[in-house]
Each structure stands twice: as structure tokens, then as C-alpha cells.
Number of protein chains: 2
Amino acid sequence: MKNRSDRISILDIATQAGVSPATVSRVFNAPQLVNERTRQQILAVALEHGYRPNASARTLRTQRSHVIGVVLPTLTNPVFAECLQGIAQATAAHGYAIMPATTEYKIANEIEAVAQLQAFGVDGVLLVVSDAQTSQAVANLRAQETPYVLVYNRHPAHPCVSVEGERAVHDLVQNLVQLGHTRFAMVCGQLQASDRAQQRYAGFVAGMKKAGIQPAALIEVPFVETAIDNISSVLNTDSRPTALICSNDLLAVRAMRAAYQCRLRVPQDISVTGFDGIGLGQDLTPALSTIAQPNAEMGHEGVQLLVRSIEEGRVPVADDSITLDYEFHRGESCAQAPIHYCANS
Amino acid sequence: MKNRSDRISILDIATQAGVSPATVSRVFNAPQLVNERTRQQILAVALEHGYRPNASARTLRTQRSHVIGVVLPTLTNPVFAECLQGIAQATAAHGYAIMPATTEYKIANEIEAVAQLQAFGVDGVLLVVSDAQTSQAVANLRAQETPYVLVYNRHPAHPCVSVEGERAVHDLVQNLVQLGHTRFAMVCGQLQASDRAQQRYAGFVAGMKKAGIQPAALIEVPFVETAIDNISSVLNTDSRPTALICSNDLLAVRAMRAAYQCRLRVPQDISVTGFDGIGLGQDLTPALSTIAQPNAEMGHEGVQLLVRSIEEGRVPVADDSITLDYEFHRGESCAQAPIHYCANS
DNA sequence: GTGAAAGCGCTAACAC
DNA sequence: GTGTTAGCGCTTTCAC
């Protein structure tokens, strides 16, 4: 009986085609070295059996797996899902496979994921880490000289594909000030769990300072489950903000929900902005105002950079970093500050 | 100079620990066979070098990769992203890695993905295909006796983890009829590209029949880009429906947008329901009414079923199929039919 | 243009 | 309880 484990091998193809395994191998790896007629002959036999060279054997022999590892926080947030989608498409176009792992924002998982990927012999890894500066996982990659590129993270000492989050939020604040807003609050997840959120917050602070506005509330939302309550409690105060700048789109959606529950209209009573540019944001009502990153493209570029350096036999370095443009989507969730607040200021 | 390609091997560990490679191997694969003291000794050396057995070599030797392939349409739709998240967590818990590929709903990509995964020697594959009945990719898996489980697809001849989509929509129609609705329309993507959508539509038709209601409009949306326009054109007619049953949540969000653009209030003027239960749906305003599938759990169960049968050395069969419960989330996007329409009926 | 043979790193008989 | 050895399927010199 045919057993699943005795798959057809290069030797079978060689035998049936009346050539040596070396020739069959050449057909797949250096076809120009093989006589046209024998090549066709071999290809015919291979096709008939649906033969493809065993990747583990090839990897073992060549020390090249044609697999890219990917480490990211979660696929529950569409930003990362969209990015992974971009990664998947780009790698497929280059003939690579991907091996992703999610960390749930846990440092220990980042480290474990990288170790596992290294055991699988991935040619390189793309990561979104909690904090590029202090990441042990990244340090390990570097120590082993495994090529890697950070995505979303932005740090001068590492090869990164990122967006200027700090500047983006800084400019956003100016933008809202133009619209008459003077009372702001920023909504973040746990700041220490994300260098991106920290950078966005830094932009917020800088923007406020630039505009000469009082330092404003930071609403740190420890768990997504309670986000709406956390935000509502701020919106229920007398001195509530007229603009809520959220460090990501998922929070912005919840902020709009919180506003609704507090009987505030978006954007008439309160403006809400997000960050990320998840696809769904544009289809919401009101359409989400957000600093849109080109998520799929970030994945694309990361793959591009990583694959190129892998194929050139070098490791990507900080100088290879790519900064992509973000785009402020005006949306419908932000507008002029409400009149009576303007009067107050 | 240290080269990235000469990673530490089992032989290095063996030499340094003063044992044979076989003993080192045993420490990782059958620790109980090794003397406690030598085991500790070897573990210490391994830890010091951060050694992990090379997965390609292990795979080549044992014919077991500990990798699960995943084939799905896209990660741009949160349903699949949430499911993959569940898959990633479950596989990690079992010590497996995943290798996903996206098909963009193209049959050719399904076939190619499966072939690539087979070349990588995955131990099994989880797939969401366009049409289980006619899938060549699935047929190939079966021909090679590669263990596989379908997720979301529901078909009597295959091992599936799914939800009774047909019944769900059938019941939903009754539900809406109870609320006074008599004019319905169903919104789908391209029906021939998804057996799930077909099943949901069948449930719609059956539900209408059961309620003794006129066969209603089917709004087939060929491209997501134009979804809102397609839907709007139906909403702008005199005989517009009072309830829009959408075959997935992404379409439902766009349907709500279309309603808004047509100056119809959801749910006062028109009720909208989705299907899938994407996480974001509950945070929207109005909260999305939907038939919620347990997306992460579907991934979990698929992994469970697949891994169990892999470890028992058999292939999952149709009889192993699992039907999970869906849950109707009432949400805020559906309500009583508007009065003047009731009067009409 | 093609073949013979060595060896990538590991595991699993089998021997002791 | 541990070591010796063959071989998984492939690529790649080197020889012809």
C-alpha cells in the first residue's frame, strides 16, 4: 500500500527519466546547464508525478530555507493582519514561504518565537516588537547574524520600515488646533508595552507644547475590554476634551462608542481621531479620521529589503531603514470645535 | 570569522559534553532514557550555546515537520485574521509552527499553495477554500494522503469545522419577520466564489419561503470597491427593503454606510444584519447585528482535530467533522420594521 | 552536458 | 545508559 511518507523523490524521477539525480536537480536549479531535450523529458516526468524537490532536504543541503519568519503582536488588530497580508503577497512573489508567530505583546513570546524560527532555519525575520530598544529577541537575532527587519518599530540602531509617528501626531494636533480645539486628551493602550505608542504620545506632547496649550489628559487603557468605560469616565467630566486623539484605530472606534454612550455626537460635540488606517475605518459612519499608514506596503517593503539583503548575502543594517509616508485621512469623525468651548478658552 | 551558516550542531554539543550525538538527541526526544546527571550536563551545554536541534534535519530524518500549512482567502477580512490568530495560538501550544498562504479567492492560488506546502513537508493543512465540492487543491491533498481539515467550508464528504450557515440565515429571516419585516434583500459577494455564501443564500431563500414571503432581491456585489454604490442603488428605489441581510460583516458595514448615504437611519428606517461576528462589530455604533461564528475557536478546533489525527498517524475524515454553535448577536442595527411599511403589507 | 559521490544535521536501529 | 552507524533527499564539486 502507498504510504504517505514515501513521497516521490529525485531518484525516482531520475530513474524514470533515465538520467542521474544530479541532472534532475539541475533542471530545477540551473536549467540552462541542461540539454533542452533532456530537460523537457525530465520536466514531463516530474509533472506527471507532481514532483517538487523536498524543501527540507534542500534547506539542509544549501543552508537556505526560502522561508521568512514573521513575529507580530496579534492578528486581532487589523493593522497587523493587513501588514501580514502584504508580507504574504510579497514573499509569494519572490518564491518564499512565511512562518508567522504571534506574541500577544508578551516579551517572552517574542524570544521564544525567534528561537523557534531560528531552529527552523528561516532565512530572515520580519518583526513588530514591543520595544526595539530593549528587545532581547532582536538582540538574539543580531547575535546570530540572522537577517531581520523591524516593521512599525522605528529605531536608529536597527533596520526598520516605519512611519514618522511622532511627527504625524504633532502635526495632527496643529491641525485640530486650527479647527478651534483647545482641550485634548490622548487615548493609548499600555504605553510601556509599545514604543510606537510612546512615540505617538511624544508627538502629542510636543504638538501641545508647540501650540502653547495646557498639558492634557492621557487616558491609558490597560485592557481593551474596559476601554469604553475608561474613556467614558473622562467624557463624563465637565472639563471634557473636545478632541480625542487615539493611538490606534481600534481605540478610536471604541472612543466613538464611548462618546455615543455619553450622548455626545461625533464630530459635532467631540472630534475623534485614530492612527493606523485600517481598511474598515473608511466604511464606518462617521468615517474615521486617522493617520493612515500603508499597512500592506509596509509588509511589502520589509520583505523587499529583507529578501534583497538575503540574496546579496548580507544582513540589513540601520542605514537600510525605510520611512514611508503616512496620510492624514480627514474622515468625518473630526470637525470644528463646538462653539461654547471655543468661548471658554 | 564566524559565519552565520555554521550554526552549532548536535555534534558540537556532544563533543563539548563528552558524549555521543545520540545521547544529545535523546535528551531532546526521549529524556527519560538518559541518566539524570548526563542529561543536566548536556542541557547546560546546550543552553550555553542556545542550541536547538535543526528542524530541517529532523524533518528529513523523521518525515515529520511539526509544521501545519494554512490556506485562506485573505487576511484583509478580519474573520480569517481572527481565525488564523486562533490557529497560531493552538499550534504554538502543541509545539507546531504554521505556514500560511493567502489565495485572494483564486482557485489557481489554492492549488499552488497546497503544492508548495507539500514540498515543505507540512504534517497537515487547514484550509478555507472557495468551493469544497470542486476544489482541486483539496483533491490533491486527498490524493497524496496529506491530512487536512476544512474550516468554514461545510461539506459532507470532507472533514470540516463549520457552522450551520444555512440554518442560521433561515432562522434569522424568521426572526426579522417577527419584527414585522416583509421586504428583504440579501447582499452577497460573488456567489460562485464561495460555497459559504451560497449556503447562506440558500438559508435566505428557504427562510423566505417558510415565512411565505415573496422571493426578494439578491444584491450581488462583484467588487468590494463598489459595494456601497451597488447597495445604494437598491436602497434608492420606492420598493426598497426594510431589512438587508448581508452574507458577511464587511458587507454589512458597507450596507450601513450605503443606508446613511441614502439618508436612511439604521435601524429606524432599515435593519441591517451581518454574518461572521468580527470583533470590531460590537464596538460600532449602531452595534452590528450579526450571526457570530466563534472565529478563533474554529481555528482552535481545526488544529485540535488535525493534530490529533496526525499524532495518531491517520487522516481526518468526514466523520470527524465538527459543527460549532453560532450565536445571534442582536446588536443595534436591526429593529422593528418601520410602521408605514407594515401598513403596506 | 552528464554522472559519481560526499555530506548537510539529525534520529533510530542495533550493539554493547 | 550510551555509542556506532546508516540514511532521510537533496545539491554540488569534481571528473569525464
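Just so you know, these numbers come straight off a predicted model, no measurement behind them. Proteins get letters first, then strands, A, B, ... in listed order; numbering begins at 1 in each.
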NA contact type, A:S25, heavy-atom cut-off 4.0 Å: base, sugar-phosphate, or nothing?
base
Assuming nearest nucleotide by heavy-atom distance, tell me which of B:T23 and A:F28 is located more 5' along DNA chain D.
B:T23
Between P of D:dC10 and CZ of A:R26, the distance in whole Å
15 Å
In whole angstrom, what separates A:R61's CZ from C:dC10's P?
16 Å
Separation of D:dG9 C1' from B:Q118 CD (nearest whole Å)
17 Å
I want to verify a distance call: between C:dT11, D:dG9, C:dG3, whose nearest atom is closest to the A:N54 side chain?
D:dG9
Under 3.5 Å, is there a donor-acceptor pair between the side chain of B:T23 and the main chain of B:V19?
no
No-hydrogen, no-angle side-chain donor-acceptor test under 3.5 Å, A:N153 and A:R196
yes
Ignoring backbone atoms, establish whether A:S9 has a side-chain N or O less than 4.0 Å from OP1 or OP2 of D:dG9.
no
Which residues in residues 40-52 of chain B have at least one heavy atom lying under 4.0 Å from any atom of DNA chain D?
none
Is there a donor-acceptor pair closer than 3.5 Å between any side-chain N or O of A:T62 and the backbone N or O of A:R58?
yes
Output for pair (B:N140 CG, B:L117 CG), nearest 0.5 Å, gives 12.0 Å
Within this structure, what is the CD-to-P distance between A:Q32 and C:dG1, rounded to whole angstrom?
10 Å
In whole Å, what is the span from the CG atom of B:D12 to the C1' atom of C:dC10?
13 Å
Rounded to the Å, how far apart are B:R58 CZ and C:dG9 P?
15 Å
Does a nitrogen or oxygen in the side chain of B:T59 sit under 4.0 Å from OP1 or OP2 of D:dC8?
no
Please answer whether the main-chain N or O of A:L11 pairs with a side-chain N or O of A:T15 as donor and acceptor at a distance below 3.5 Å.
yes
Angle between terminal axes - the helix from C:dG1-D:dC16 to C:dC16-D:dG1, 5 pairs each end, rounded to 10°
30°
Could you check whether the rings of B:H66 and B:Y96 sit parallel, tilted or perpendicular, using 30° and 60° as the cut-offs?
tilted
Salt-bridge present (A:E104, A:K106; N to O < 4.0 Å)
no
Let me know the distance between CG of A:L11 and P of C:dG3, rounded to the nearest Å.
12 Å
Which residue in the set A:I8, A:I42, A:V45 passes side-chain contact (heavy atoms from CB on, under 4.5 Å) when paired with A:Y51?
A:I8
From the options D:dC10, C:dC10, C:dG3, select the nucleotide whose nearest atom is closest to the side chain of A:S20.
C:dG3
Interatomic distance, OG@B:S321 vs CD@B:E301, rounded to 0.5 Å, equals 12.0 Å
Base, sugar-phosphate alone, or nothing: which one does A:S56 contact when heavy atoms must sit under 4.0 Å apart?
nothing
Given C:dA12, C:dC10, D:dG9, the nucleotide with the shortest approach to the side chain of B:L60
D:dG9
Between D:dT12 (C1') and A:Q63 (CD): distance, integer Å:
13 Å
Do the charged groups of A:E112 and B:R52 touch, with an N to O distance under 4.0 Å?
yes
Ignoring the backbone of B:A22, work out which of C:dG3, D:dG9, C:dA12 is nearest its side chain.
C:dA12
Just to confirm, is there a sub-4.0 Å distance from OP1 or OP2 of D:dT11 to any side-chain nitrogen or oxygen of A:N29?
yes
